[in-house]
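FYI, side chains are in, hydrogens and waters are out, and symmetry mates aren't considered; it's all heavy atoms of this structure.
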Amino acid sequence: MKPSVFFSNASSYVGPHGEPPLSRTGFIILAIIMALVTGPAIILNSTVVIVSLTHTQLRQPLNCALVNMAVADLSTAMTGGVLSVVNNAQGYFSLGRTGCVMEGFAVSLFGITSLCTVALIAVERMFVVCKPLAITFQKKHAVGGIALSWLWSLSWNLPPLFGWGRYELEGVGTSCAPDWHNQDPENVSYILAYFAVCFAVPFALILVSYTKRTLYQVSKMACLEGGAVAKGEMKVASMVVLMVLMFLISWLPYASLAMLVVYNPDVTIHPLVGTVPVYLAKSSTAFNPIIYIYLNKQFRKYAVPFLLCKELLEDDEASEATTVEISTNKVSPA
């Protein structure tokens, strides 16, 4: 692999004399940081998927969306996370041009699917709490939303493989993503469209779905109805709000940096400044399962014993089954 091929449109990430963007120690530190994120991400997301497959009580509409997010985050960790650890340990991207394109495609596909799933969860909460159009959100709707999230992501990550946009090295040159630096009109048009439909649209859905009205309905339910169902809805509301906040913390810096480069191509960006948003976005793969294992009683009841290699008591399973029968669209309260 020739460095000039990879860095032709990322000159702001290399020194004026072509020196490595980071010292050897710097690459090792990045490798350790990514290992500390990727390891828990693989373990926790695998746990969510496994316990969901082995316990039918977890196959509810909201939980189906959470499992889809776990699958997407697990895939991101297994591709982008693991490769980032290996490449940073080596100090360069070692997989060649084809490897860069495939890694960029895979990480983008799984990452955007995860973002779309956050939007799906917000929409699900709106239908459950506010019941617009008198529609009850059911499992078939969740499955349809999951399929749409994958198709949406696939449709907007395939074009670089066929000439509209392209995947290129980013940050310190040890991972790949859509090329934000190339100022070719076709590439810029792709980046602007990509930003609009893969970040702005999911974010808009979240804002529309989780408006003041939805939060008010949850609060009103807790005050008027009381009991287990209202407490459960409050728990779910807290979980979704926290996930949305993590969505913004993880992805907003990355999207902002990308748009800055597109609108001001002459801006000088230090390699670490360009790398931090990338790794912050990838860190969401570890934070998401922590949030919904901790705040979702059903997942917590099965995931914690699984992680601790303990058997779940039979009476716990019977109790959980009874709770699920009471309300199939709600998460049991903690």
Side-chain angles (χ1 to χ4, degrees), residues 37-82 106 109-111 113-114 116-118 120-121 124-125 128 136-150 153 228-229 231-233 235-236 238-240 242-243 246 284-334:
V37 171
T38 302
I42 292 175
I43 294 172
L44 293 174
N45 286 297
S46 297
T47 297
V48 171
V49 174
I50 292 171
V51 298
S52 298
L53 292 176
T54 54
H55 298 284
T56 57
Q57 293 89 340
L58 295 176
R59 299 170 193 173
Q60 307 306 318
L62 173 63
N63 292 344
C64 287
L66 293 177
V67 171
N68 184 63
M69 180 179 290
V71 171
D73 287 344
L74 175 62
S75 302
T76 301
M78 293 291 290
T79 52
V82 172
L109 172 67
F110 302 137
T113 299
S114 181
C116 291
T117 306
V118 176
L120 171 63
I121 292 171
E124 188 269 352
R125 285 295 88 198
V128 169
T136 301
F137 196 91
Q138 300 175 355
K139 190 174 180 179
K140 63 181 181 181
H141 299 125
V143 172
I146 290 170
L148 180 61
S149 69
W150 283 96
S153 180
V229 172
K231 285 179 63 180
E233 288 299 338
K235 273 288 185 182
V236 175
S238 300
M239 180 186 71
V240 176
L242 190 55
M243 291 175 67
M246 286 308 306
S284 65
T285 59
F287 295 143
N288 286 332
I290 291 175
I291 292 172
Y292 48 75
I293 286 177
Y294 178 73
L295 293 178
N296 186 318
K297 181 181 178 181
Q298 290 177 321
F299 274 124
R300 186 169 69 249
K301 181 177 286 291
Y302 293 110
V304 172
F306 179 84
L307 288 169
L308 299 178
C309 300
K310 292 182 179 180
E311 293 185 3
L312 186 70
L313 296 177
E314 291 184 4
D315 58 342
D316 284 342
E317 287 211 47
S319 174
E320 187 65 27
T322 302
T323 303
V324 173
E325 287 179 2
I326 294 175
S327 179
T328 59
N329 275 330
K330 297 175 176 64
V331 179
S332 57

Ignoring hydrogens, what is the shortest heavy-atom contact between [X] and [Y]? Give both atom names and the distance.
X: A303; Y: T47; value: CB-CG2, 3.8 Å
X: I121; Y: A65; value: CG1-CB, 3.7 Å
X: C64; Y: I146; value: O-CD1, 3.5 Å
X: V118; Y: M69; value: CG2-CE, 3.1 Å
X: V51; Y: Y302; value: CG1-O, 3.8 Å
X: A77; Y: T38; value: O-CG2, 3.5 Å

Quick one, L58 with V67, criterion side chain to side chain contact (heavy atoms under 4.5 Å, CB included). Give me CA distance, side-chain angles, the key distance, then yes/no. CA-CA 9 Å; L58 295 176; V67 171; over 6 Å; no
Sequence-distant partners of A70, side-chain contact (heavy atoms from CB on, under 4.5 Å), two or more places apart: N45, V48, V49, Y292
Using side chain to side chain contact (heavy atoms under 4.5 Å, CB included), reason through M243 and L66 one step at a time and then give a plain yes or no. CA-CA 11 Å; M243 291 175 67; L66 293 177; 4.0 Å; yes
[atom1]-[atom2] distance between [X] and [Y], expressed to the nearest 0.5 angstrom:
X: F299; Y: L44; atom1: CZ; atom2: CG; answer: 12.5 Å
X: F287; Y: M246; atom1: CZ; atom2: CE; answer: 5.0 Å
X: I43; Y: L74; atom1: CD1; atom2: CG; answer: 11.0 Å
X: I293; Y: N288; atom1: CD1; atom2: CG; answer: 11.0 Å
X: Q57; Y: S52; atom1: CD; atom2: OG; answer: 11.0 Å
X: I290; Y: S284; atom1: CD1; atom2: OG; answer: 11.5 Å

Using the test side chain to side chain donor-acceptor pair (under 3.5 Å), find all partners of N68 that sit at least two apart in sequence or belong to another chain. T117, W150
Side chain to side chain donor-acceptor pair (under 3.5 Å) partners for S114, two or more places apart: D73
With a 3.5 Å distance limit and no angle check, can you tell me whether S153 reaches the backbone of S149 through a side-chain donor-acceptor pair? no
For the residue pair M78 and F110, establish whether any side-chain heavy-atom pair is separated by less than 4.5 Å. no
